[in-house]
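Remarks on the structure that follows.
The chains referred to below are lettered A, B, ... by the order of the sequence lines, with proteins before strands, and numbering in each begins at 1.
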There are 2 protein chains.
Amino acid sequence: MTAPSDARARGTRLPRVRRRRQLLAAAQEVFVARGYHAAAMDEIADRAGVSKPVLYQHFPGKLELYLALLEEHSEALVEKQREALESTDDNRQRVTASFQAYFDFVAGDGEAFRLVFESDLRNLPAVREKSEETFQRCAELIGKVIRQDTSISDEEAHLLSIALVGMAETSARYWLNNHGSVPQNAAEQLVARLAWRGISGWDLTRSGEEDGDGD
Amino acid sequence: MTAPSDARARGTRLPRVRRRRQLLAAAQEVFVARGYHAAAMDEIADRAGVSKPVLYQHFPGKLELYLALLEEHSEALVEKQREALESTDDNRQRVTASFQAYFDFVAGDGEAFRLVFESDLRNLPAVREKSEETFQRCAELIGKVIRQDTSISDEEAHLLSIALVGMAETSARYWLNNHGSVPQNAAEQLVARLAWRGISGWDLTRSGEEDGDGD
DNA sequence: CACCGAACTTACGCAGCAGTAAGATGAGGG
DNA sequence: CCCTCATCTTACTGCTGCGTAAGTTCGGTG
């Protein structure tokens with residue numbers, strides 16, 4: 001039960017780029033564990049086995065350090081999502097792949113998803129914008145697929161995508177926090193099925209329908 | 001364009017309970033606008049037309065003040081949700097009512113929903129627990145309905161409920177932030193339809209199904 | 001009308017933490 | 001072997017903002 005990252009080798013000098021990578025890793029751990037506000041620059045430096053001014057030789061301030069991480073992981077999520085949707089032409093498979101991508105993102109990379117989904121700095125415009133932009137880009141990727149294969153209006157497709165992304169994000173986060181009760185695979189499949197049942201064949205039913213009542 | 005709340009009557013003495021209510025209202029405005037961290041006790045006091053120590057005669061500290069508001073609005077949401085689900089026996093109607101309740105909650109009460117859904121204090125256990133508890137209670141209300149009318153297993157029903165609540169929360173928040181593009185009514189209906197198509201008749205299809213591919 | 005207690009004020013202590021001089025240290029080239 | 005420059009350290013400053021000590025005003029009651 002020692003520190004998970006390298007506080008190892010306290011007192012070794014590192015070339016610039018290597019040190020920078022390590023500082024980012026240390027910062028991620030601390031920001032994820034404590035959130036932005038409770039994270040102290042001293043602790044980040046400590047965890048990297050280095051003193052505070054070194055941190056300031058690599059990043060102009062706490063905010064920029066945080067934004068670098070946020071940017072990196074936001075991009076990673078969108079990219080994962082894009083790959084998932086391009087991985088197949090079958091829309092049923094696309095839904096599965098898309099949810100899998102969300103769950104993978106949440107399950108991976110030292111819980112970095114908390115920076116993107118649970119930032120305690122959303123009141124800062126720069127952060128809010130980045131978060132929302134990421135969310136929207138994911139939704140837009142899905143919206144494009146929906147529009148492409150249906151006659152749903154742009155506006156409706158957009159809102160439906162938002163709802164689906166919200167569903168993915170929420171269930172993935174919940175699943176991770178209550179690990180152990182359900183394997184990732186089962187959780188993904190279940191939620192993907194819910195989503196697929198929701199959107200598939202949307203064209204065929206129109207606004208007035210009652211759709212039975214079996215629940 | 002004066003201050004929306006009562007900084008009016010600076011210098012009037014108020015009986016204890018009345019002052020308390022007013023302080024809570026002032027605090028809500030500031031916490032909603034700035035978030036917990038950026039909210040200053042001085043500003044809250046100012047907005048109530050009073051000096052800081054008065055605040056401390058009503059609440060032991062910033063945190064307790066915040067928790068009082070969080071508690072109040074969390075309870076309101078769960079209650080709204082409970083009423084919605086009890087308002088009818090028709091499950092299709094229940095879904096509509098449930099989403100409507102979410103949208104109403106988000107649309108109402110000076111954006112108090114931001115305290116419950118977008119708190120920048122989630123890293124504090126007390127706050128995290130309250131938020132998650134609220135979320136779970138909403139899901140549980142829905143889960144109970146699902147289980148009651150289907151043969152879905154408890155675990156599956158629970159995860160499905162989580163997904164649905166996530167969908168509601170996300171779409172309601174998104175809808176509010178991008179007001180104007182769609183009327184509340186339309187947004188509610190659209191998302192409710194997505195949800196209903198997702199869960200209704202779940203029993204009839206089983207795990208292996210392909211369910212067509214019309215998108 | 002004098003007194004009392006609740007409601008309120010000004011003015012400060014104090015702690016945590018981002019960011020910054022100014023100086024030490026060590027690896028590599030001449 | 002010594003000079004240089006990048007890397008790193010110790011030790012500080014300054015600010016912001018919560019919480020409080022001590023003193024003031026005003027409505028009501030005997």
Side-chain angles (χ1 to χ4, degrees), chain A residues 5-31 33-70 119-121 123-124 126-127, chain B residues 6-27 29-31 33-69 120-121 123-124 126-127:
Chain A
S5 84
D6 352 48
R8 79 190 165 198
R10 172 117 218 171
T12 22
R13 285 151 116 101
L14 252 53
R16 199 146 207 298
V17 282
R18 211 176 182 70
R19 180 64 83 194
R20 187 191 152 94
R21 262 200 296 278
Q22 189 217 12
L23 288 173
L24 279 168
Q28 179 173 325
E29 283 178 28
V30 176
F31 281 135
R34 302 232 189 290
Y36 180 85
H37 295 287
M41 290 299 263
D42 279 302
E43 186 181 353
I44 294 172
D46 273 4
R47 177 146 333 194
V50 114
S51 76
K52 201 168 35 168
V54 171
L55 213 41
Y56 284 91
Q57 284 165 2
H58 288 264
F59 305 93
K62 187 182 183 182
L63 180 60
E64 288 78 10
L65 176 55
Y66 187 81
L67 288 175
L69 288 167
L70 183 60
S119 174
D120 60 340
L121 202 60
N123 291 82
L124 200 77
V127 171
Chain B
D6 352 48
R8 79 190 165 202
R10 170 116 222 170
T12 21
R13 289 167 174 229
L14 255 51
R16 199 165 164 70
V17 282
R18 213 174 181 72
R19 181 63 82 193
R20 187 192 151 94
R21 261 197 298 276
Q22 189 219 9
L23 288 173
L24 279 169
E29 281 178 30
V30 178
F31 281 135
R34 301 230 190 291
Y36 180 84
H37 295 287
M41 292 297 266
D42 280 302
E43 185 179 354
I44 294 172
D46 272 4
R47 176 147 332 195
V50 114
S51 74
K52 202 166 38 166
V54 172
L55 212 41
Y56 284 90
Q57 282 163 4
H58 288 264
F59 304 93
K62 189 183 183 183
L63 180 61
E64 288 77 11
L65 176 54
Y66 188 81
L67 288 175
L69 288 166
D120 60 342
L121 203 60
N123 291 80
L124 201 79
V127 172

*Between atom CZ in A:R19 and atom P in C:dG26, what is the gap in whole Å?*
14 Å
*Could you check how far CZ of A:R20 sits from P of D:dA6, rounded to whole Å?*
18 Å
*Is the A:F31 ring parallel, tilted or perpendicular to the A:Y66 ring (thresholds 30°, 60°)?*
perpendicular
*Donor-acceptor under 3.5 Å (A:Q28 side chain, A:L69 main chain)*: no
*Please state how far atom CD1 in A:I44 lies from atom C1' in C:dC17, giving the value in whole angstrom units.*
12 Å
_Show me the pairs that pass salt bridge (charged side-chain N to carboxylate O under 4.0 Å, His left out) and involve residues 33-42 of chain B, at least two apart or across chains._
B:R34-B:E43, B:D42-B:K52
_Taking the side chain as everything from C-beta on, heavy atoms only, tell me whether A:I44 gets closer than 4.5 Å to A:E29._
no
*Pick one: which of B:L23, B:L55, B:T12 meets side chain to side chain contact (heavy atoms under 4.5 Å, CB included) with B:V50?*
B:L23
_Where protein sits on nucleotides 13-28 of chain D, one letter per nucleotide: B base, S sugar-phosphate only, - none, heavy atoms under 4.0 Å_ = -----BBBB---BB--
*asked:* From CG of A:L65 over to P of C:dG19, roughly how many Å is that when rounded to an integer?
replied: 10 Å
*Measure from CD on A:E43 to P on C:dG16 and round the result to the nearest Å.*
15 Å
*Does A:E64 reach the main-chain N or O of A:G61 with its side chain, forming a donor-acceptor pair under 3.5 Å?*
yes
_Whole-Å gap separating P (C:dG26) and CG (A:L14)_ = 16 Å
*Nearest-angstrom distance from the residue atom CG of A:D46 to C1' of C:dC17*: 13 Å
